[in-house]
Amino acid sequence: MRGCVTFDRWQARKQGVVLRLGVALLAATGLSACGDVETTPDQVLVRGDDFEITVQEYDQVLRRSPLVTKEAIGPMRQAVMEGLIGEKLLAEEALKAGLDKQAATAQAIAAAKRSVLAQAYVQKLAGNSFRPDEREVRQYYAAHQAQFGERRRLVLSEYVVRSDLPDVRQYVETLDKRGMGELATALAQAMPSITPVTLVRFSDEIPDTPGRTLQRLQAGDAIVYQTPGHVHLGQVQSVEIDPIALVAARPRIEAGLVAQRQSELVRTTVQALRKTRNVKVTQPSLASGADLAARKDAMQ
């Protein structure tokens with residue numbers, strides 16, 4: 001299938017993993033850095049016996065949801081709510097069953113807590129002191145034309161499945177080798193209630209691959225990509241160039257430059273902390289070139 005952005009390629013480029021169940025358990029067990037949040041009746045969207053979902057919980061999930069067409073907004077919001085209800089109910093049952101004490105689950109919770117705390121410290125390090133100047137903004141805009149001047153608007157018809165499903169790789173291969181029709185048949189057999197959704201995605205929102213595959217996608221091409229916790233398997237319905245002018249792109253550019261500055265700050269901070277704490281990778285196959293060079297220098 002021409003133009004397919006494959007799951008394996010995306011996996012090779014992804015920056016991190018969001019442990020959604022781990023985060024849910026983290027909050028439920030009181031390990032969240034924010035602590036308990038009191039709510040008023042108008043802030044509760046779902047209520048049951050010793051169960052509720054607040055506006056804050058719903059908004060947190062909704063912010064991670066993709067852009068959709070106007071007609072799909074209602075169903076998407078309902079699907080997000082249904083998914084959150086199910087996730088929270090299952091997380092609470094997991095706690096009742098003591099699963100948070102199992103080694104694998106406890107490790108996932110600890111990993112989620114570690115990630116949240118590390119990000120909080122990054123925010124503390126960065127603060128609000130850095131603001132890009134006009135020259136930096138214009139240079140960034142010129143160097144990222146795929147995001148701005150040559151940005152593409154894609155209308156996709158796709159199925160969204162959980163990334164932890166045991167058959168997810170099989171579904172990717174079905175789409176890649178046999179097309180959308182065969183994928184629909186395979187999914188209908190496993191999940192009779194699943195239906196495709198129509199989404200609007202921009203080329204700067206989807207992980208690219210070497211060779212700039214996204215820039216060559218055409219109507220009819222298959223596409224596979226991931227968002228936190230989900231794999232999207234679909235077909236491109238239409239493609240059009242939808243550039244962003246510098247004035248409209250400025251907030252995103254400034255955010256990108258701030259992220260770059262944060263990344264540099266994190267790198268130098270981690271290097272200093274590693275030196276202070278005398279941190280060494282003991283397994284040679286996992287050590288970076290810099291680690292190996294430092295070890296070699298230390299032995300001389």
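Bear in mind the structure is a predicted one, so any value in this text is a computation, not a measurement.
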Do Gln262 and Gln123 come within less than 4.5 Å of each other through their side chains, counting heavy atoms only? yes
To the nearest 0.5 Å, how far apart are OH in Tyr225 and CZ in Arg201? 4.0 Å
Under 4.5 Å between side-chain heavy atoms, counting indirect links through other Ile/Leu/Val/Met/Phe/Trp/Tyr residues: same cluster for Val122 and Leu117 or not? no
Taken in chain and number order and not counting sequence neighbours, the residues that satisfy side-chain contact (heavy atoms from CB on, under 4.5 Å) with Val80 are Tyr58, Val61, Leu62, Ser65, Met76
Interatomic distance, Leu125 atom CG to Arg261 atom CZ [nearest 0.5 angstrom]: 13.5 Å
Can you tell me if Phe51 has over 12 outside heavy atoms packed within less than 6.0 Å of its CZ? yes
Quick one: side-chain contact (heavy atoms from CB on, under 4.5 Å) partners of Leu286, sequence neighbours excluded? Val281, Gln283
Calculate, to the nearest 0.5 Å, the distance between atoms CG and OG1 belonging to Leu199 and Thr227 respectively. 9.0 Å
Within-4.5 Å side-chain heavy-atom neighbours: Ser163 and Gln226: yes
Is there a path from Val116 to Val270 through hydrophobic residues (I, L, V, M, F, W, Y) whose side chains come within less than 4.5 Å of each other? no
Keeping the roles fixed (side chain from Gln235, backbone from Ser157), state whether a donor-acceptor pair exists under 3.5 Å. no
Using the side-chain contact (heavy atoms from CB on, under 4.5 Å) rule, take Asp59 and Thr54 through it: C-alpha gap first, then chi angles, then the decisive distance, then the call. CA-CA 9 Å; Asp59 283 347; Thr54 66; over 6 Å; no
Please determine which of Val231, Val224, Leu183 meets the side chain to side chain contact (heavy atoms under 4.5 Å, CB included) test together with Tyr171. Leu183
What do the steps show when you test Gln60 against Gln56 for side-chain contact (heavy atoms from CB on, under 4.5 Å), and what is the final call? CA-CA 6 Å; Gln60 186 180 43; Gln56 295 93 329; over 6 Å; no
Are Val266 and Val258 connected, step by step, through hydrophobic side chains (Ile, Leu, Val, Met, Phe, Trp, Tyr) whose heavy atoms are closer than 4.5 Å? no
Any non-hydrogen side-chain atom of Leu45 less than 4.5 Å from a side-chain atom of Val55? yes
Are Leu89 and Leu99 in one and the same hydrophobic cluster, where Ile, Leu, Val, Met, Phe, Trp and Tyr link if side-chain heavy atoms are under 4.5 Å apart? no
Can you pull out every side-chain hydrogen bond (donor to acceptor under 3.5 Å, both in side chains) where at least one residue sits in residues 136-146? Sequence neighbours excluded, please. Glu134-Arg138, Arg135-Gln139
Test side-chain contact (heavy atoms from CB on, under 4.5 Å) on Asp133 and Val137; report intermediate values, then the result. CA-CA 6 Å; Asp133 60 32; Val137 169; over 6 Å; no
Contact between Val46 and Met81 at the side-chain level, heavy atoms closer than 4.5 Å - yes or no? yes
Do Val197 and Leu156 have side chains that get closer than 4.5 Å, going by heavy atoms? no
Between Glu57 and Lys88, is there a side-chain N and carboxylate O pair less than 4.0 Å apart? yes
Which heavy atom in Pro243 sits nearest to a heavy atom in Gly149, and how many Å separate them? CB-O, 3.3 Å
Looking at every heavy atom in both Thr195 and Tyr159, which two are closest together, and how far apart are they? C-CE2, 3.7 Å
I'd like to know if the side chain of Thr268 reaches the main chain of Leu265, judged simply by a donor and an acceptor atom lying under 3.5 Å from each other, with no hydrogens or angles considered. yes
Tell me if a side-chain donor or acceptor on Ser263 pairs with a main-chain N or O of Ala259 at a distance below 3.5 Å. no
Using a strict threshold of under 4.0 Å (side-chain N to carboxylate O), is an ion pair present between Glu93 and Lys96? yes
Let's go through Thr174 and Leu233 carefully: what are the C-alpha distance in whole Å and the side-chain angles of both, what is the deciding distance for side-chain contact (heavy atoms from CB on, under 4.5 Å) to 0.1 Å, and is it a yes or a no? CA-CA 10 Å; Thr174 298; Leu233 307 103; over 6 Å; no
With a 4.5 Å cut-off on side-chain heavy atoms, are Ile53 and Val44 touching? no
The reported gap from CG in Leu257 to CZ in Arg250 (rounded to nearest 0.5 angstrom) is 10.5 Å
Please tell me whether Leu165 and Leu187 are part of a single hydrophobic cluster in this structure, the criterion being side-chain heavy atoms less than 4.5 Å apart. yes
Just wondering, do Thr105 and Gln102 contact through their side chains at under 4.5 Å, heavy atoms? yes
Looking at CG of Asp100 and CD1 of Ile109, how far apart are the two atoms once the value is rounded to the nearest 0.5 Å? 5.5 Å
With a 4.5 Å heavy-atom cut-off, do His230 and Val160 have their side chains touching? yes
So how far is it from Phe148 CZ to Leu246 CG, rounded to the nearest 0.5 Å? 9.0 Å
Only one of Arg152, Arg153, Arg216 passes side chain to side chain contact (heavy atoms under 4.5 Å, CB included) with Val239, and that residue is Arg152
